[in-house]
> 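Dropping a structure here in structure tokens format, bear with me for questions.
Small disclaimer: the values here were computed from a predicted structure and weren't measured.
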Amino acid sequence: MNEDVICIYYSRTGKTERAMREIAHALDCQLVEVHDYVHRGGALGALRCGLDAMRRRTRAITRVESKRQLWEYKLVILGTPVWGGRCSSVIRGLLKRRGYEMADVAYVITHKSDEHYREVFDQMDQYLLKPHVADASLRPGSTGYVFWRDQFLKACADFVGAELHPVTEELAAEANREAAASKRPKDGTEQEKTQETEQ
């Protein structure tokens, strides 16, 4: 396993999870999901997501269960859906609390529209000590999805000097199934791991 790279993501519907599973497989690195303790399922949950993103509101999030300290990784890859033209409040919360610990960061954003949301990368950079080194704006299921994912993977592999494992159609389908199967409501009523407190 590549100990120099870690993929950290939040996914409400499974689309970001699918992309991050494929990326973690290709780079042979650890994959970690984070979330907050807010119910974000259904129509009301979607509305709450948009309002939280527009107000830049963040809540306590689950602990990042990484094998090393974040500053020890050559590359931290953050995956997030786009909410209201901004990154999810969950990943914003992670960046606010721990962005200063990350030496080099790459971003993966997922969205439904044809818009590329390039401004989201600049918004996320505000929480880092230096600008990100690579990014991908992906619309899962679109014609260009595989091309842009693979361009991003090549940039990340070149940056850390890693060898890429191919993402086959079978693996992509499996990642899609696993992402769909793992989706469940994320709210404060679940017994979860230790929270990181708000600053």
> According to the salt bridge (Lys or Arg N to Asp or Glu O under 4.0 Å) rule, which pairs have a member within residues 156-172, sequence neighbours left out?
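Listed by first then second residue: Lys154-Asp158.
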> Mind checking whether Asp135 and Arg118 have side chains closer than 4.5 Å, heavy atoms only?
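In short, these two side chains touch, coming nearer than 4.5 Å.
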> Under 4.5 Å between side-chain heavy atoms, hopping through other hydrophobics if needed: is there a path connecting Val105 to Trp71?
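No, no single cluster joins them.
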> With side chains defined as the heavy atoms from C-beta onward, is the minimum distance between Met124 and Ile91 less than 4.5 Å?
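Contact flag for Met124/Ile91 side chains = yes.
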> Applying side-chain contact (heavy atoms from CB on, under 4.5 Å) between Asp36 and each of Thr62, Leu94, Ile61, report the one that passes.
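Of Thr62, Leu94, Ile61, side-chain contact (heavy atoms from CB on, under 4.5 Å) with Asp36 is met by Ile61 alone.
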> Shared ILVMFWY cluster between Met1 and Tyr73, side chains joined below 4.5 angstrom?
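No, Met1 and Tyr73 fall in different hydrophobic clusters.
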> May I ask you to test the Met20-Leu31 pair for a side-chain heavy-atom distance under 4.5 Å?
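Contact flag for Met20/Leu31 side chains = yes.
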> With sequence neighbours excluded, tell me which residues meet side chain to side chain contact (heavy atoms under 4.5 Å, CB included) with Lys112.
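Applying side chain to side chain contact (heavy atoms under 4.5 Å, CB included) to Lys112 gives none.
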> Below 4.5 Å, heavy atoms only, C-beta onward: do Ile77 and Ile8 meet side chain to side chain?
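The answer is no; the side chains never approach within 4.5 Å.
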> Does Glu72 use its side chain to pair, donor to acceptor, with the backbone of Gln69 at less than 3.5 Å?
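Yes: the side chain of Glu72 pairs with the backbone of Gln69.
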> Would you please indicate yes or no on a ring centroid separation below 6.0 angstrom for Tyr10 and Trp83?
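Trp83 vs Tyr10: aromatic centres under 6.0 Å.
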> Is any side-chain heavy atom of Val34 closer than 4.5 Å to a side-chain heavy atom of Val90?
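Val34 reaches Val90 side chain to side chain.
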> Which residues satisfy the side chain to side chain contact (heavy atoms under 4.5 Å, CB included) test with Arg139, sequence neighbours excluded?
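Applying side chain to side chain contact (heavy atoms under 4.5 Å, CB included) to Arg139 gives His111, Asp114, Ser142.
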> Under the side-chain hydrogen bond (donor to acceptor under 3.5 Å, both in side chains) rule, what do Tyr107 and Asp125 come out as? Steps first, then yes or no, please.
CA-CA 10 Å; Tyr107 300 136; Asp125 274 351; 2.9 Å; yes
> Among residues at least two apart in sequence or on other chains, which ones pass side chain to side chain contact (heavy atoms under 4.5 Å, CB included) with Ala134?
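Ala134: side chain to side chain contact (heavy atoms under 4.5 Å, CB included) contacts with Ala106, Phe152, Ala155, Cys156.
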> Output all residues satisfying side chain to side chain contact (heavy atoms under 4.5 Å, CB included) with Gln123, sequence neighbours left out; order by chain, then residue number.
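By the side chain to side chain contact (heavy atoms under 4.5 Å, CB included) rule, Gln123 matches Arg86, Arg92, Glu119, Val120.
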> Can you run down the salt bridge (Lys or Arg N to Asp or Glu O under 4.0 Å) pairs that involve residues 22-32, sequence neighbours left out, and say none if there aren't any?
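Every salt bridge (Lys or Arg N to Asp or Glu O under 4.0 Å) pair that includes a residue of residues 22-32, provided the two are not neighbours, is Arg18-Glu22, Glu22-Arg149.
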> Would you say Phe159 and Leu75 make side-chain contact, with heavy atoms under 4.5 Å?
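Yes. Closest side-chain heavy atoms under 4.5 Å.
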> Any side-chain heavy atom of Ile6 sitting closer than 4.5 Å to one from Val32?
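Heavy-atom side-chain distance check passes, below 4.5 Å.
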